[in-house]
Chemist: 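Before anything else, here's the structure in question.
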Protein chains: 2
Amino acid sequence: MKEIEQRLTENGVRPTAMRILIYKYMAESEVAIALTDIENAFAKADRTTLFRTLKTFEQKGVVHQIDDGTGVQKYALCETGCNCELEQDLHLHFHCNNCNETVCLTEHKIPNINLPEGYVAEDANLVLKGICEKCSAQ
Amino acid sequence: MKEIEQRLTENGVRPTAMRILIYKYMAESEVAIALTDIENAFAKADRTTLFRTLKTFEQKGVVHQIDDGTGVQKYALCETGCNCELEQDLHLHFHCNNCNETVCLTEHKIPNINLPEGYVAEDANLVLKGICEKCSAQ
DNA sequence: AATTGTAGTGCAACGGAAGTGCATTTATTG
DNA sequence: CAATAAATGCACTTCCGTTGCACTACAATT
């Protein structure tokens, strides 16, 4: 609990009760989280609060946003020392077509691409889709 | 005109007037197209028709869908002989943060990724974001 | 401790985009 | 030409992201 407070404070986010809960929820989950997921988990919380909390988290580098192609924005905690802005820190994500969950494959970085003349890349997003570990084991 | 009709027929799509127009519009564009784009281009066309036309095109392999991270589905014509289902045919896309356009970089394939044990990839999506050729030239 | 200001939260509502059901029109085929 | 199937158009729904505004909790300052 204390660690969460500290983590948030370090990143310039005031550790309110709600925020700690959200952080905890995300930390306990192994998969990327959509706003709706949190909403369902905390029935009493308002969507706006969750929305803005996630935005704040994102801005302050607590979480990173994931676009897994489902059309729903998802989020996952950044690892300690994660520097999402830096291109070499971009890991890829895996979306399971079966269980519909998305996981960070943090150890897998996006390979470098040689773009044509004139193109300048600032960001990259690589999502692999298929069957995840859990589902293929069944 | 005749070529379009032929192309559609070849792919098992009945070449109606509307469909030919949509195909033509997409062929003349160098960037990926959103449903709204077509809607604006053909004011009199109904959104449902466009929506279903694109779905049909996609199913029949006339176009492929692109998720560029903007939250809006986009589409681009497949090249002749393009086999979007096959993984080795997956090219990457570039989204310009300035002009907001997305282009296919058909000559750039998505590099092969060694996934962890248990993961089976069926599909991949790689989007680079930054400044495109046109915008960086200005 | 009271006051004042700022940050956080909640409610309501909006807007864009995807998607569906059903009626109508257009094309195809026997 | 009739019968059938495909394509189109209209109305409506849903889902999600987002914003405006009011209210509350918290922190700082005197």
Side-chain angles (χ1 to χ4, degrees), chain A residues 4-5 7-25 32-60 62-76 95 100 102 125, chain B residues 4-25 32-60 62-76 95 100-102 125:
Chain A
I4 297 182
E5 281 189 46
R7 181 75 213 282
L8 291 179
T9 310
E10 273 170 18
N11 285 63
V13 177
R14 257 190 9 210
T16 67
M18 198 72 243
R19 287 171 177 177
I20 293 173
L21 279 177
I22 296 176
Y23 189 100
K24 195 151 169 277
Y25 176 72
I33 297 293
L35 196 147
T36 314
D37 296 331
I38 311 183
E39 204 182 350
N40 294 335
F42 304 97
K44 60 174 99 170
D46 188 78
R47 271 198 27 232
T48 314
T49 306
L50 305 178
F51 172 73
R52 287 199 257 241
T53 301
L54 287 173
K55 287 292 170 207
T56 307
F57 278 9
E58 194 190 357
Q59 267 178 19
K60 304 292 187 171
V62 178
V63 304
H64 59 272
Q65 205 200 42
I66 301 166
D67 170 27
D68 63 4
T70 57
V72 181
Q73 291 176 205
K74 300 201 173 152
Y75 299 86
H95 176 76
N100 217 31
T102 301
N125 184 36
Chain B
I4 297 182
E5 282 191 44
Q6 194 186 333
R7 182 74 212 283
L8 291 179
T9 310
E10 273 170 16
N11 285 63
V13 177
R14 279 219 318 237
T16 67
M18 198 70 244
R19 287 172 176 177
I20 292 172
L21 280 177
I22 295 175
Y23 189 101
K24 195 151 170 277
Y25 176 73
I33 297 295
L35 195 147
T36 315
D37 298 329
I38 311 182
E39 203 181 352
N40 293 335
F42 304 97
K44 61 174 95 170
D46 187 77
R47 269 200 27 239
T48 313
T49 306
L50 304 178
F51 173 74
R52 287 200 256 242
T53 300
L54 287 173
K55 286 291 170 207
T56 307
F57 278 11
E58 194 191 357
Q59 268 179 16
K60 304 292 188 171
V62 178
V63 305
H64 59 271
Q65 205 199 43
I66 302 166
D67 170 27
D68 63 3
T70 57
V72 182
Q73 291 177 205
K74 300 202 175 152
Y75 298 87
H95 177 75
N100 218 31
E101 288 183 342
T102 301
N125 184 34

Chemist: With nearest nucleotides of DNA chain C determined for B:Thr16 and B:Lys74 from heavy-atom distances, which residue corresponds to the more 5′ nucleotide?
Modeler: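 Residue closer to the 5' terminus by nearest nucleotide: B:Lys74.
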Chemist: Looking only at side-chain N and O atoms, does A:Lys44 come under 4.0 Å of OP1 or OP2 in C:dG10?
Modeler: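 A:Lys44 to C:dG10 OP1/OP2: no side-chain N or O under 4.0 Å.
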Chemist: Would you compute the distance between atom NZ of A:Lys60 and atom CZ of A:Arg7 and round it to the nearest 0.5 angstrom?
Modeler: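 It comes to 13.5 Å.
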Chemist: In whole Å, I'd like the distance from the CZ atom of B:Phe51 to the P atom of D:dA11.
Modeler: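 Going from CZ in B:Phe51 over to P in D:dA11 covers 19 Å.
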Chemist: Rounded off to whole Å, could you give me the CD-to-C1' distance for the B:Glu39 and C:dG16 pair?
Modeler: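 To the nearest whole Å, that distance equals 11 Å.
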Chemist: Quick one: on DNA chain C, does A:Val13 or A:Asp46 contact a more 5' nucleotide (nearest heavy atom)?
Modeler: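 Nearer the 5' end of the strand: A:Val13.
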Chemist: Is it the case that D:dC15 (base atoms only) and A:Thr36 (side chain only) share a donor and an acceptor within less than 3.5 Å, ignoring hydrogens and angles?
Modeler: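 A donor-acceptor contact between them is absent.
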Chemist: Starting at CG of B:Leu35 and ending at P of D:dG9, how long is that distance when rounded to a whole Å?
Modeler: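 Nearest whole value for this atom pair: 13 Å.
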Chemist: Looking only at heavy atoms, what is the nearest atom pair of B:Ala76 and B:Ile66, with distance?
Modeler: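 That closest heavy-atom pairing would be CB-CD1, 3.7 Å.
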Chemist: Any N or O donor-acceptor pair under 3.5 Å from the base of C:dA18 to the side chain of B:Arg47?
Modeler: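 Answer is yes: a donor-acceptor pair is held.
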Chemist: Can you tell me if the side-chain N/O atoms of A:Lys55 get under 4.0 Å from OP1 or OP2 in D:dG17?
Modeler: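 Indeed not, no polar side-chain atom of A:Lys55 lies that close.
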Chemist: Rounded off to whole Å, could you give me the CG-to-P distance for the B:Asp37 and C:dG16 pair?
Modeler: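 Checked: the CG to P distance equals 15 Å.
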Chemist: Within the structure, does a side-chain N or O atom of A:Thr49 lie under 4.0 Å from either OP1 or OP2 of C:dG10?
Modeler: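 Checking A:Thr49 against C:dG10: at least one side-chain N or O falls below 4.0 Å of OP1 or OP2.
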Chemist: Figure out the CD/P separation between A:Gln59 and C:dG8, and round it to whole Å.
Modeler: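 For the pair A:Gln59 CD and C:dG8 P, the rounded distance is 11 Å.
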Chemist: Measuring from atom CD1 of A:Ile38 to atom OG1 of A:Thr53, what distance do you get when rounded to the nearest 0.5 angstrom?
Modeler: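 Spacing of CD1 (A:Ile38) from OG1 (A:Thr53) equals 8.0 Å.
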Chemist: Roughly, in whole Å, what's the span from CD1 in B:Ile33 to P in C:dA17?
Modeler: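 Distance check: B:Ile33 CD1 to C:dA17 P gives 14 Å.
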Chemist: Give the rounded distance in Å between these two atoms: CG of A:Asp68 and P of D:dC16.
Modeler: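 So the two atoms are 12 Å apart, to the nearest Å.
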Chemist: From B:Arg19 CZ over to B:Glu5 CD, what is the distance, rounded to the nearest 0.5 angstrom?
Modeler: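 CD of B:Glu5 is found 12.5 Å from CZ of B:Arg19.
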Chemist: So if I take every side-chain heavy atom of A:Gln73 and compare against D:dC21, D:dC10, D:dG17, which nucleotide ends up nearest?
Modeler: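 The nucleotide sitting nearest to the side chain is D:dG17.
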Chemist: Where the side chain of A:Val72 is defined as all heavy atoms beyond and including C-beta, which of D:dC16, C:dA18, D:dA11 is the nearest nucleotide?
Modeler: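 Selected nucleotide (nearest to the side chain): D:dC16.
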Chemist: Using atom CZ of A:Phe57 as one end and atom P of C:dG8 as the other, report the distance to the nearest whole Å.
Modeler: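 The answer, rounded to whole Å, is 11 Å.
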Chemist: Rounded to the nearest 0.5 Å, what separation is found between the CG atom of A:Asp46 and the CE atom of A:Met18?
Modeler: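 Result: 9.5 Å between the selected atoms.
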Chemist: For D:dA5, does OP1 or OP2 lie under 4.0 Å from any side-chain N or O of B:Arg14?
Modeler: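 Result: no.
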Chemist: Any donor-acceptor pair, under 3.5 Å, between the side chain of B:Arg52 and the base of C:dG19, if you only look at N and O atoms?
Modeler: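 Side chain to base: no pair present.
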